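Below you'll find the structure, written out as structure tokens, and then a few comments.
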Amino acid sequence: LKITKRGAPPKGGGEVRFVCPVVRSVKPLMFTDSGRIRRIRGIAYATRVSPQTANRLVEAARGELNRFIPDIYIYTDVYKGAESGLSPGFGLSLVAESTTGALVTAELCAEPGDAPEDVGARAARLLLAEIARGGCFDSAHQWMALLLMTLAPEHVVRTRIGKLTPFTIQYLRDLRDFFNTTFKISPDAETNTVLMACLGTGFSNVGKKTI
């Protein structure tokens, strides 16, 4: 994934280039150990505004996160000219990585009138809230884990996620209707997380001859 132009609301104008390999089938997902957070990385971006805006985002976010973990690095990404989209704006993307490879993300884009310090602090608190939810996937990517589990080979697959969001609950209904797949949902009171398990459908890409 390469960002060639960075857009911001309301006119956007961003452009990305996404390349991924073609596979015959997905690997079965067995991911139940969320581990402990060991480092946080991020990108503070700014388009058509002062380059100092990105630095202010970083300082505000670090002010919230440094109390919990020392290994934090947030890059600044400032766009000008043709690469800066059609509207001024700024925002912050954060990723926390655990000892088992789980990735928890949070992202926030500035609204009109927002100060960089407020956006940076709020984005950091969003990340902390996602970490507190527990599980191997953040709330924005619960659906992706469930989809990969559904498309997996015909084996039992399992993962651990945090509290189900309303979107995820509806998505489970959609998976049942489209793939006839139902999940075993086991709440874990000790960690306040949910263990999800299902039998993969064995979906394969018939256009791909080899794995």
Side-chain angles (χ1 to χ4, degrees), residues 1-22 37 39-69 71-98 102-133 135-148 161-171 174:
L1 179 65
K2 180 180 180 181
I3 300 175
T4 55
K5 295 182 182 179
R6 175 78 75 170
K11 295 182 179 181
E15 182 180 292
V16 298
R17 183 171 183 265
F18 176 69
V19 179
C20 70
V22 178
I37 300 301
R39 67 180 183 179
I40 295 175
R41 296 293 183 265
I43 296 179
Y45 61 88
T47 65
R48 296 183 180 272
V49 295
S50 169
Q52 284 294 64
T53 301
N55 295 328
R56 292 163 65 185
L57 286 167
V58 172
E59 291 302 317
R62 289 184 66 92
E64 296 285 336
L65 299 173
N66 272 335
R67 295 178 292 170
F68 302 97
I69 187 171
D71 191 355
I72 301 171
Y73 195 91
I74 303 174
Y75 300 85
T76 57
D77 200 12
V78 179
Y79 288 79
K80 295 181 179 180
E83 296 181 348
S84 61
L86 303 176
S87 298
F90 53 89
L92 181 62
S93 298
L94 296 170
V95 180
E97 182 180 346
S98 79
L103 300 176
V104 180
T105 68
E107 184 172 8
L108 190 62
C109 184
E111 298 288 341
D114 285 348
E117 290 78 9
D118 295 336
V119 174
R122 277 164 34 209
R125 288 193 288 266
L126 283 175
L127 181 68
L128 294 173
E130 289 290 349
I131 295 172
R133 292 173 72 100
C136 302
F137 298 89
D138 56 67
S139 58
H141 294 93
Q142 290 177 353
W143 69 271
M144 185 177 293
L146 300 179
L147 178 60
L148 292 175
I161 59 179
K163 181 180 177 182
L164 299 179
T165 65
F167 179 90
T168 302
I169 294 172
Q170 180 58 47
Y171 195 74
D174 295 338

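The shown structure was predicted, so the numbers you read here are calculated from the model rather than taken from an experiment.
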**For Tyr75, ring-ring contact (aromatic ring centres under 6.0 Å, His included) partners two or more places apart** = Tyr73

Point-to-point distance, once rounded to the nearest 0.5 Å, from [atom1] of [X] to [atom2] of [Y]:
X	Y	atom1	atom2	result
Ile69	Ile131	CD1	CD1	7.5 Å
Arg17	Lys5	CZ	NZ	15.0 Å
Ile169	Lys163	CD1	NZ	8.5 Å
Leu92	Leu127	CG	CG	9.0 Å
Leu94	Leu128	CG	CG	9.0 Å

Partner residues of [X] under the side-chain hydrogen bond (donor to acceptor under 3.5 Å, both in side chains) criterion, sequence neighbours left out:
X	value
Tyr79	Asp77
Arg67	Glu64
Arg133	none
Asn55	Gln52

**Item:** Pairwise salt bridge (charged side-chain N to carboxylate O under 4.0 Å, His left out) hits with a residue in residues 44-55, at least two apart
**Value:** none

**Prompt:** According to the salt bridge (charged side-chain N to carboxylate O under 4.0 Å, His left out) rule, which pairs have a member within residues 82-98, sequence neighbours left out?
**Reply:**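 Sorted result for residues 82-98: Arg38-Glu97, Arg39-Glu97.
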
**Message:** Just by distance, no angles: are the side chains of Ser139 and Glu130 close enough, under 3.5 Å, to form a donor-acceptor pair?
**Reply:**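 Ser139 vs Glu130: donor-acceptor pair found between side chains.
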
Any idea which heavy atoms bring [X] and [Y] closest together, and the distance?
X	Y	value
Ala8	Pro88	CB-O, 3.9 Å
Gly91	Leu57	O-CD1, 3.4 Å
Ala123	Ala106	O-CB, 4.1 Å
Thr47	Ser84	CB-O, 3.5 Å

**Message:** Under the criterion side chain to side chain contact (heavy atoms under 4.5 Å, CB included), I'd like the reasoning laid out for His141 against Val104: C-alpha separation, chi angles, the key distance, then a yes or no.
**Reply:** CA-CA 9 Å; His141 294 93; Val104 180; over 6 Å; no

[X]: partners by side-chain contact (heavy atoms from CB on, under 4.5 Å), with sequence neighbours left out:
X	value
Phe167	Trp143, Thr165, Tyr171
Arg62	Val58, Asn66, Ile72, Ile74
Lys11	Leu86, Ser87

Do any side-chain atoms of residues 107-121 form donor-acceptor pairs under 3.5 angstrom with protein atoms, and if so which ones, sequence neighbours left out?
unit_1, atom_1, unit_2, atom_2, d
Glu107, OE2, Ser93, OG, 3.1
Asp114, OD2, Glu111, N, 2.8
Glu117, OE1, Arg56, NH2, 3.1
Glu117, OE2, Arg56, NE, 2.7
Glu117, OE2, Arg56, NH2, 3.4

